[in-house]
> 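Quick one: this structure, given as structure tokens, is what I'll be asking you about.
Here, residue 1 is the first one in the sequence, and each next residue gets the next number.
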Amino acid sequence: QVQLMESGGGSAQAGGSLTLSCVTSEYKYMNIYMGWFRQSPGKEREGVALIQTRGGDYPLYADSVKGRFTISQDKGKKTMYLQMNDLKPEDTAMYYCAAGSTARVGAGTVDLVNVDAWGQGTQVTVSS
């Protein structure tokens with residue numbers, strides 16, 4: 001069973017930056033993608049960014065974070081990152097990492113299908 005562990009959440013002022021990390025216990029062949037999701041109270045979980053674990057990174061972003069957030073990975077460290085710049089109060093949420101087989105891209109949205117594992121989440125709070 002793949003285990004994912006997030007870290008790096010915290011508080012920031014609007015316009016500030018935070019970097020999240022997600023360590024995976026292993027790379028399973030079926031989990032072609034890893035990604036970041038977020039959920040704030042009263043809202044549905046939202047895909048933030050996805051990255052391929054095999055071959056090139058081919059990052060995918062939700063429109064809400066494009067140009068501000070950067071997803072990356074260090075496979076040697078089995079770690080995925082989310083660099084978040086120019087943070088806004090609406091970025092406040094619990095952030096989760098996930099691993100799965102298929103990326104789905106919609107109108108300004110990204111999602112992961114057949115999710116194999118979720119992390120427990122790390123809280124990000126942005127104040128104005």
Side-chain angles (χ1 to χ4, degrees):
Q1 178 72 26
V2 174
Q3 296 186 3
L4 304 174
M5 178 66 71
E6 304 96 337
S7 63
S11 299
Q13 296 281 331
S17 299
L18 285 172
T19 301
L20 306 183
S21 300
C22 172
V23 179
T24 180
S25 60
E26 63 177 296
Y27 288 110
K28 286 176 67 174
Y29 183 80
M30 62 175 282
N31 294 336
I32 299 173
Y33 287 91
M34 289 183 67
W36 290 97
F37 293 75
R38 65 187 182 186
Q39 188 169 22
S40 51
K43 293 188 176 182
E44 291 189 358
R45 187 164 54 203
E46 172 192 20
V48 174
L50 304 177
I51 193 166
Q52 280 198 25
T53 60
R54 288 192 257 151
D57 288 348
Y58 303 109
L60 299 169
Y61 297 96
D63 280 358
S64 57
V65 305
K66 198 173 292 184
R68 300 187 298 121
F69 291 9
T70 301
I71 189 171
S72 63
Q73 61 187 336
D74 184 332
K75 295 178 186 177
K77 295 182 178 179
K78 295 183 181 176
T79 303
M80 175 179 66
Y81 304 97
L82 186 69
Q83 173 68 43
M84 304 185 293
N85 297 328
D86 190 23
L87 283 162
K88 303 177 180 181
E90 51 263 43
D91 294 320
T92 295
M94 185 71 79
Y95 282 71
Y96 301 89
C97 64
S101 64
T102 307
R104 182 166 59 195
V105 179
T109 64
V110 296
D111 200 1
L112 199 54
V113 180
N114 297 325
V115 176
D116 183 50
W118 289 97
Q120 292 188 325
T122 185
Q123 177 69 37
V124 171
T125 303
V126 184
S127 57
S128 57

> Do L4 and M34 have side-chain heavy atoms sitting under 4.5 Å apart?
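Yes. Closest side-chain heavy atoms under 4.5 Å.
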
> Report, as yes or no, whether the 6.0 Å neighbourhood of atom CE on M5 holds more than 12 heavy atoms from other residues, nucleotides or ligands.
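Atom CE in M5 is not crowded, with 12 or fewer foreign heavy atoms closer than 6.0 Å.
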
> Can D63 and K66 be counted as an ion pair, charged N to O under 4.0 angstrom?
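A salt bridge is present here (some side-chain N lies under 4.0 Å from a carboxylate O).
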
> Closest heavy-atom contact between A98 and V115?
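Closest approach of A98 to V115: CB-CG1, 4.0 Å.
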
> Please find the pair of heavy atoms, one from Q39 and one from A93, that lie closest to each other, and give the distance.
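Looking at all heavy atoms of both residues, the closest pair is O-CB, 3.5 Å.
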
> Say you draw a straight line from OG1 of T125 to CG of D91; how long is it, rounded to the nearest 0.5 Å?
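If I round to the nearest 0.5 Å, the distance is 11.0 Å.
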
> Please, which pairs that meet ring pair (Phe, Tyr, Trp, His ring centres under 6.0 Å) have at least one residue in residues 82-122, sequence neighbours excluded?
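Listed once each, the pairs are F37-W118.
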
> For residues 9-123, which residue pairs qualify under disulfide (SG to SG under 2.5 Å), counting only residues two or more places apart or in two chains?
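Checked against disulfide (SG to SG under 2.5 Å) - neighbours excluded - the pairs reaching residues 9-123 are C22-C97.
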
> When you measure from the centre of the six-membered ring of Y29, is the NZ or CZ of R54 under 6.0 Å away and within 45° of the axis?
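So R54 does make the cation-pi contact.
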
> How would you list all residue pairs meeting disulfide (SG to SG under 2.5 Å) that involve residues 39-77, not counting sequence neighbours?
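Applying disulfide (SG to SG under 2.5 Å) to every pair that reaches into residues 39-77, excluding sequence neighbours, yields nothing.
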
> What distance separates Q52 CD from I71 CD1, expressed to the nearest 0.5 Å?
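Interatomic distance, Q52 CD to I71 CD1, rounded to 0.5 Å: 11.0 Å.
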
> Would you find more than 12 non-hydrogen atoms of other residues, nucleotides or ligands less than 6.0 Å from Q123 atom CD?
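It does: Q123 CD has more than 12 such atoms within range.
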
> Where do R38 and V65 land on the side-chain contact (heavy atoms from CB on, under 4.5 Å) test, with the steps shown first?
CA-CA 11 Å; R38 65 187 182 186; V65 305; 3.9 Å; yes

> So which pairs with a foot in residues 73-82 pass side-chain hydrogen bond (donor to acceptor under 3.5 Å, both in side chains), sequence neighbours left out?
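Pairs touching residues 73-82 that pass the test: D57-Q73.
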
> To the closest 0.5 Å, what do you measure between CE (M94) and OG1 (T122)?
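Separation between the atoms: 7.5 Å.
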
> Between the side chain of T92 and the main-chain N/O of V126, is any donor-acceptor distance below 3.5 Å?
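Side chain of T92 to backbone of V126: a pair is present.
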
> Is it the case that the side chain of T53 and the backbone of I32 share a donor-acceptor pair, with hydrogens and angles ignored and the cut-off at 3.5 Å?
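Side chain of T53 to backbone of I32: a pair is present.
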
> Which value, rounded to the nearest 0.5 Å, describes the distance between L82 atom CG and S72 atom OG?
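Reported to 0.5 Å precision, the distance equals 8.5 Å.
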
> Would a single hydrophobic cluster contain both L112 and V110, if residues Ile, Leu, Val, Met, Phe, Trp and Tyr are joined by side-chain heavy-atom contacts under 4.5 Å?
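Both belong to a single hydrophobic cluster.
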
> Tell me whether M80 shares a hydrophobic cluster with V124, the cluster being built from Ile, Leu, Val, Met, Phe, Trp, Tyr side chains joined at under 4.5 Å.
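Linked within one cluster.
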
> Which pairs of donor and acceptor atoms, one on a side chain in residues 13-21, lie under 3.5 Å apart (sequence neighbours left out)?
| residue | atom | partner | partner atom | Å |
| --- | --- | --- | --- | --- |
| S17 | OG | N85 | OD1 | 2.9 |
| T19 | OG1 | Q83 | OE1 | 2.5 |

> Hey, could you give me each pair passing ring pair (Phe, Tyr, Trp, His ring centres under 6.0 Å) that has a residue in residues 47-75? Not counting sequence neighbours.
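Passing the test, one end in residues 47-75: no pairs.
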
> Is it true that a side-chain atom of Q120 and a backbone atom of E6 form a donor plus acceptor pair closer than 3.5 Å?
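Here the side-chain-to-backbone pair does not exist.
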
> Could you tell me which non-hydrogen atom of D116 sits nearest to which non-hydrogen atom of Q1, and how far apart they are?
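What the structure gives for the nearest pair is O-NE2, 3.6 Å.
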
> Would you name the heavy atoms of D111 and L50 that are closest together and state the gap between them?
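Result for this residue pair: O-CD1, 3.3 Å.
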
> Around atom CD of E26, are there more than 12 heavy atoms of other residues, nucleotides or ligands at under 6.0 Å?
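Correct, the count exceeds 12.
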
